[in-house]
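Working notes, structure below.
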Amino acid sequence: MSTPSMVLYYDEVSPPVRGVLLTIAALGVKDRIKFEYINLFNGGHLSADFLKINPLHTIPVLRHGDLTLIDSHAIIVYLCDTFASPEDTFAISDTLTRAKVFNMLCFNNGHLFQRDAEVMRKVFSGEITDPSKHLKPIEETIDALEHFLRNSRYTALDHLSVADLAIVATLSTLNLLIPIDADRWPRVHDWFKGMQELPYYNEQNGVGLEKLGGILRTKVKI
């Protein structure tokens with residue numbers, strides 16, 4: 001078998017990485033990609049070699065020939081455009097579908113994940129010792145997700161899309177700090193429960209989530 005031409009730099013503790021891993025599993029293309037582990041908590045993303053690949057020292061990174069993508073959402077869309085056939089559930093096949101999927105990927109990138117990352121960075125730096133006092137902005141974004149789920153069965157469409165895969169990786173991380181309450185967020189709760197039933201969910205998201213949770217418990221009480 002030839003060596004895969006795509007290389008993914010990853011650490012499964014990262015929610016954006018897990019969104020990409022879920023996408024790879026959903027598309028069934030794991031054997032088409034080479035995986036290079038970058039240990040975030042040991043500073044692997046700050047090594048001289050990795051900084052030559054991504055000077056922003058973030059993961060995931062996907063390299064494919066001369067192309068280097070440093071944003072998980074760009075990677076997810078590129079994987080869909082590269083591997084999903086027109087009849088595939090995950091194909092972004094027309095302008096309206098693309099707009100809806102992009103919209104929710106941008107919601108995840110610009111709102112849900114950013115608010116998660118802001119709190120997590122401060123927890124791991126020791127600046128925050130009690131996350132419960134810093135959760136209101138996150139709760140407001142989950143309120144927004146509850147609103148969006150009034151319009152479709154899944155976050156972007158009436159069927160599963162890569163937007164769901166990116167968002168569940170973030171939301172499951174937030175669930176470590178804010179349990180998704182069925183009384184406040186019934187639609188989010190039901191959607192999240194359904195996402196956890198995907199056959200590849202535990203291996204591609206649950207394992208890294210548990211690893212992150214174990215590290216988080218050494219910093220704060222959750």
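Enclosure of atom NZ in K193 is not indicated, since only 12 or fewer non-hydrogen atoms of other residues, nucleotides or ligands lie within 6.0 angstrom.
F102 pairs by the side chain to side chain contact (heavy atoms under 4.5 Å, CB included) definition with V77, R98, not counting sequence neighbours. Taking the side chain to side chain donor-acceptor pair (under 3.5 Å) definition, one finds that N54 meets it with T58, sequence neighbours left out. Here H64 pairs with S5, Y78 under the side chain to side chain donor-acceptor pair (under 3.5 Å) rule; sequence neighbours left out. In this structure N109 satisfies the side chain to side chain donor-acceptor pair (under 3.5 Å) test with no other residue, sequence neighbours excluded. Partners of T23 by side chain to side chain donor-acceptor pair (under 3.5 Å), not counting sequence neighbours: none found. Residues satisfying the ring-ring contact (aromatic ring centres under 6.0 Å, His included) test with F107, not counting sequence neighbours, are F148. For H189, the side chain to side chain contact (heavy atoms under 4.5 Å, CB included) test picks out I180, A182, with sequence neighbours left out.
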Please lay out, stage by stage, how F41 and F124 fare under the test ring pair (Phe, Tyr, Trp, His ring centres under 6.0 Å). CA-CA 10 Å; F41 284 98; F124 286 114; 5.1 Å; yes

One pair to check against side chain to side chain contact (heavy atoms under 4.5 Å, CB included): N205 and M195. What are the steps and the verdict? CA-CA 11 Å; N205 188 67; M195 294 297 293; over 6 Å; no

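In this structure, V61 and L8 have side chains that are not in contact, with every pair of non-hydrogen atoms separated by 4.5 Å or more. Side-chain contact between P16 and F113: present, with at least one pair of heavy atoms (C-beta onward) separated by less than 4.5 Å.
Pairs engaging residues 213-222 under the side-chain hydrogen bond (donor to acceptor under 3.5 Å, both in side chains) rule: none recorded [sequence neighbours left out]. Residue pairs meeting the salt bridge (charged side-chain N to carboxylate O under 4.0 Å, His left out) criterion with at least one partner in residues 121-137, sequence neighbours excluded, are E118-K122. Annotation: salt bridge (charged side-chain N to carboxylate O under 4.0 Å, His left out) contacts involving residues 160-186, sequence neighbours excluded, comprise E139-R184, D143-R184. Listed by first then second residue, pairs satisfying salt bridge (charged side-chain N to carboxylate O under 4.0 Å, His left out) with a partner in residues 194-208 read K30-E203, not counting sequence neighbours. Evaluation of the salt bridge (charged side-chain N to carboxylate O under 4.0 Å, His left out) test over residues 51-70, restricted to residues two or more places apart or in two chains, returns none.
Between R18 and E12 there is no salt bridge, since no side-chain N of the basic residue sits under 4.0 Å from a carboxylate O of the acidic one.
Scanning all heavy atoms of the two residues, the minimum distance from D11 to L40 falls at OD2-N, 3.0 Å.
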